[in-house]
Protein chains: 2
Amino acid sequence: MTLDERKRKILESIVRDYVETAEPVGSRAVVKKYALKISPATVRNEMADLEEMGYLEQPHTSAGRIPSEIGFRYFVDFIMEKQKLSDEETELLNKVISSNADELNEFIGRIGYFLSQITNYASFVIVPSIKFKEFKSMQLIPLGKDKALILLVTDTGMIIHRRIDVPSSLNDEDLEQVSAVFNRVLKNKKISEINRTSLQQLREGLKHKRLLVDLALEEIDNLLKNTGDEKLFLSGTLNILNEPEFKDLEKLRKILTLLEANEVLKGIIPDVTGDEVDITIGHENKLDDIKELSLVYAGYKSLGETGAIGLLGPIRMEYWKAAGTVETVRAAIEEVFRQNR
Amino acid sequence: MTLDERKRKILESIVRDYVETAEPVGSRAVVKKYALKISPATVRNEMADLEEMGYLEQPHTSAGRIPSEIGFRYFVDFIMEKQKLSDEETELLNKVISSNADELNEFIGRIGYFLSQITNYASFVIVPSIKFKEFKSMQLIPLGKDKALILLVTDTGMIIHRRIDVPSSLNDEDLEQVSAVFNRVLKNKKISEINRTSLQQLREGLKHKRLLVDLALEEIDNLLKNTGDEKLFLSGTLNILNEPEFKDLEKLRKILTLLEANEVLKGIIPDVTGDEVDITIGHENKLDDIKELSLVYAGYKSLGETGAIGLLGPIRMEYWKAAGTVETVRAAIEEVFRQNR
DNA sequence: GTTAGCACTCTCATTAGTTGAGTGCTAATA
DNA sequence: TATTAGCACTCAACTAATGAGAGTGCTAAC
């Protein structure tokens with residue numbers, strides 16, 4: 001499946017031209033635009049070969065060629081090089097990175113915005129669920145009559161809270177007392193260490209506040225369960241409005257609807273493995289709904305968990321630019337996460 | 001500007017037909033579909049009158065009539081009645097209301113989803129910034145080496161937190177001590193009562209932990225400042241893809257882009273005054289960008305502050321349905337907020 | 001192996017012709 | 001006087017025909 005130098009050059013020209021113009025590329029255009037020292041006729045012969053091999057296709061007899069998905073795949077694997085960010089882009093990225101967005105959501109939001117701004121594709125960032133190891137604090141805070149706030153803090157700084165009803169038979173001091181006992185038993189305790197015995201211990205020590213204890217325990221249980229949901233941030237989805245392949249309203253609706261359903265979207269992103277930028281093109285994707293799209297993405301590590309960032313664009317995508325951007329941003333945010341803890 | 005019964009009937013027929021079909025309505029269609037006991041010719045005469053009065057317009061000579069914005073306005077003000085929810089819809093609403101979504105965001109999300117589901121228009125919910133009156137608790141929770149969590153709880157159950165760096169010269173006990181002093185001075189204190197004296201008092205009592213105190217005070221200050229941002233929730237924006245008036249890609253892009261910019265959107269919603277459902281049609285709206293859209297909205301009260309819910313659709317909108325839905329949902333969520341505190 | 005030349009193919013834009021829905025006006029009718 | 005039937009007229013939307021242009025594949029010459 002290896003192509004000689006000239007064929008590679010021609011394939012590359014066609015890919016680049018097609019990505020730029022979204023029109024089939026003719027033999028003359030290839031010669032002219034990329035200053036090859038051969039005639040259109042020769043190019044035509046080569047193109048016929050490339051078509052036979054499956055790298056190109058022809059919308060109709062008298063049109064130029066466009067790269068097939070296989071052609072794009074070959075281009076991505078063996079021809080293109082990832083394009084580095086320009087100086088201005090790098091500067092902008094640094095600004096985004098160093099802006100004191102100490103709220104995680106905001107930071108991620110800016111990263112996503114940057115990705116889609118720079119590339120003009122839709123971007124996504126998956127933030128892994130941050131597993132915590134220890135409880136740091138448990139509070140029951142009275143809020144006026146009959147209400148209280150139950151508040152848990154983990155060693156990762158995550159805060160879980162819920163408003164609960166408090167039987168009016170309990171007063172503020174009772175709440176404080178329960179807080180204290182919980183804290184004593186659970187504080188700095190690893191989750192794995194919280195076993196039946198210690199829970200039993202809690203119940204025993206606070207028999208007469210059974211209801212409250214049960215509520216609190218239920219909440220802790222909840223916390224443990226919900227620890228498994230990673231979050232997906234999307235940005236720049238409207239960029240697909242610029243792509244001529246989606247000028248058709250029905251296609252557009254399909255894609256936008258898909259992008260709106262976050263949960264579905266999580267499913268289409270393949271499991272990230274290493275640090276490398278990965279690319280899936282058109283039908284290589286799992287779900288039918290995105291067989292007209294390509295994905296350029298990479299995993300990153302944060303607190304031992306794996307997240308992902310990536311771009312979502314048409315098959316006719318500037319893979320070199322997309323891959324370069326994803327690679328750089330991936331490294332940058334991993335660095336941030338490393339420093340930050 | 002009052003119309004006789006027959007003209008009203010004809011205007012209504014044209015509005016309803018046009019809303020349904022998005023096509024200009026001819027005299028024959030009016031007679032046939034709405035079983036009026038007059039001839040098309042008569043209707044034509046009346047239509048000519050209505051056009052002269054500004055209630056109808058004609059896309060071109062040989063087409064039927066469509067309602068002008070003034071026509072819609074007349075229809076909304078003097079002809080239509082708000083349509084009540086069907087039994088199934090009411091049932092669904094009750095389900096949404098009573099589902100134990102004790103997270104505010106989730107509750108609002110469901111309300112928005114309901115609104116746009118039922119009407120097929122984009123919906124918005126504005127949640128007012130909840131002003132709080134008292135501090136309930138202030139905690140400094142150590143999180144491993146050099147880090148701590150500063151955590152404030154207000155009487156409205158709002159939680160403000162930030163991760164801060166702690167000078168390594170301070171140990172866990174120092175943190176606890178600062179917490180305690182803060183709590184003693186601020187607990188259950190109204191904001192208006194926190195004056196310079198009490199702050200001075202804090203600083204004095206903790207002179208040797210100056211840095212920490214300043215950090216904490218800064219955070220409290222922050223909290224007070226940020227109390228002013230209301231939140232906007234949007235839902236069902238893709239419904240506009242169904243409207244034939246936006247089959248044009250450029251228009252579509254404009255609107256979707258607008259809807260993506262939450263901040264701009266807040267600006268287009270007029271100040272809500274009373275409890276009544278209000279409607280602004282096309283050019284009655286402030287911003288140029290939404291002069292091709294209509295707004296159906298109403299305010300609601302929550303903890304003394306005013307929020308809003310509403311729908312955003314084409315000028316050719318089912319105002320009766322939209323207004324009825326908004327009215328019902330408005331009442332429902334106000335009831336929820338009333339009960340919940 | 002490469003290239004010039006040429007017949008051929010197919011899309012796209014333009015034009016002309018046709019259809020049909022709907023109007024406005026006039027004259028007849030109740 | 002209000003209503004209606006009848007009819008000529010208008011205009012958008014569809015259809016078919018035509019021609020231009022881009023690009024190919026093939027053949028024969030270099």
Side-chain angles (χ1 to χ4, degrees), chain A residues 3-11 13-18 20-68 71 244-245 247-249, chain B residues 3-11 13-18 20-68 71 244-245 247-249:
Chain A
L3 302 180
D4 65 42
E5 188 54 28
R6 193 167 71 186
K7 281 200 174 61
R8 287 163 53 106
K9 198 85 196 147
I10 289 174
L11 178 55
S13 301
I14 292 175
V15 167
R16 297 202 114 98
D17 203 68
Y18 178 63
E20 186 184 336
T21 65
E23 299 288 332
V25 187
S27 53
R28 241 177 80 83
V30 171
V31 175
K32 234 180 166 175
K33 203 152 177 184
Y34 298 94
L36 303 185
K37 287 188 190 58
I38 45 178
S39 76
T42 310
V43 172
R44 279 205 287 283
N45 289 331
E46 296 286 45
M47 277 159 79
D49 287 355
L50 284 167
E51 181 170 0
E52 202 177 355
M53 291 188 241
Y55 296 121
L56 296 179
E57 36 193 55
Q58 218 173 0
H60 55 88
T61 1
S62 72
R65 304 296 208 295
I66 64 176
S68 67
E245 31 270 270
K247 64 185 191 318
D248 177 49
L249 263 201
Chain B
L3 301 180
D4 64 43
E5 188 53 28
R6 194 167 68 182
K7 282 199 174 59
R8 289 162 52 105
K9 198 83 196 148
I10 289 173
L11 179 55
S13 301
I14 291 175
V15 167
R16 297 203 114 97
D17 203 67
Y18 178 63
E20 185 183 338
T21 65
E23 299 287 333
V25 186
S27 52
R28 242 178 78 83
V30 171
V31 175
K32 233 179 165 177
K33 204 153 176 185
Y34 298 92
L36 304 185
K37 290 190 187 56
I38 45 180
S39 77
T42 311
V43 172
R44 278 205 289 281
N45 289 331
E46 295 285 47
M47 277 159 80
D49 288 354
L50 285 168
E51 182 170 1
E52 204 176 354
M53 291 188 243
Y55 296 121
L56 296 180
E57 37 194 53
Q58 218 173 2
H60 54 86
T61 1
S62 72
R65 303 297 207 296
I66 64 175
S68 67
E245 31 270 271
K247 67 184 190 315
D248 176 49
L249 264 202

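Numbers restart at 1 for each chain; the letters A, B, ... are given by sequence-line order, proteins then strands.
- Each of A:Arg44, A:Arg65, A:Glu46 was compared with A:Ser27 under the side-chain hydrogen bond (donor to acceptor under 3.5 Å, both in side chains) criterion, and only A:Arg44 meets it.
- In this structure, A:Lys37 places its NZ atom 17 Å from C1' of C:dT3, rounding to the nearest Å.
- Listed pair A:Ser62 / D:dG21 fails the phosphate criterion, with no side-chain N or O lying under 4.0 Å from OP1 or OP2.
- Between B:Ile14 atom CD1 and C:dG22 atom C1' there is a gap of 13 Å when expressed in whole angstrom units.
- Taking the nucleotide of DNA chain D with the nearest heavy atom to each of B:Val43 and A:Glu51, the more 5' of the two is matched to B:Val43.
- Across all their heavy atoms, A:Met53 and A:Leu3 have their closest contact at SD-CD2, 3.7 Å.
- Between the P atom of D:dT24 and the CG atom of A:Leu56 lies a distance of 11 Å, rounded to the nearest Å.
- D:dT3 atom P lies 11 Å from atom CG of B:Asp49, rounded to whole Å.
- Closest to the side chain of A:Arg65, from the set C:dT2, D:dG25, C:dG24, is D:dG25.
- Minimum atom distance to the side chain of B:Arg44 is reached by D:dG6, of the listed C:dT3, D:dA12, D:dG6.
- When the nucleotides D:dA5, D:dG23, D:dT10 are ranked by their closest atom to the side chain of B:Ala41, D:dA5 comes out on top.
- Taking atom CG on B:Asp17 and atom C1' on C:dA21, their separation rounds to 14 Å, with Å as the unit.
- The nearest pair of heavy atoms linking B:Leu11 to B:Gly71 is CD2-O, 4.1 Å.
- Set against C:dC6, C:dT2, C:dC10, the side chain of A:Thr61 has C:dC10 as its closest nucleotide.
- Here D:dA2 presents its P atom at 12 Å from CG of B:Asp4, a figure rounded to the nearest Å.
- Minimum atom distance to the side chain of A:His60 is reached by C:dT11, of the listed D:dT24, C:dG24, C:dT11.
- Ranking D:dT4, C:dC10, C:dT3 by closeness to the B:Thr42 side chain, first place goes to D:dT4.
- With rounding to the nearest 0.5 angstrom, the CZ atom of A:Arg16 is 7.5 Å from the OH atom of A:Tyr34.
- Taking every side-chain heavy atom of A:Ser39 into account, C:dA4 is the closest of C:dA4, D:dT24, D:dT3.
- The separation between B:Glu52 atom CD and C:dT23 atom P is 16 Å, rounded to whole Å.
- A 6.0 Å sphere centred on NZ of B:Lys32 holds no more than 12 heavy atoms belonging to other residues, nucleotides or ligands.
- Here the C1' atom of nucleotide C:dC25 and the CE atom of B:Met47 are 16 Å apart, to the nearest Å.
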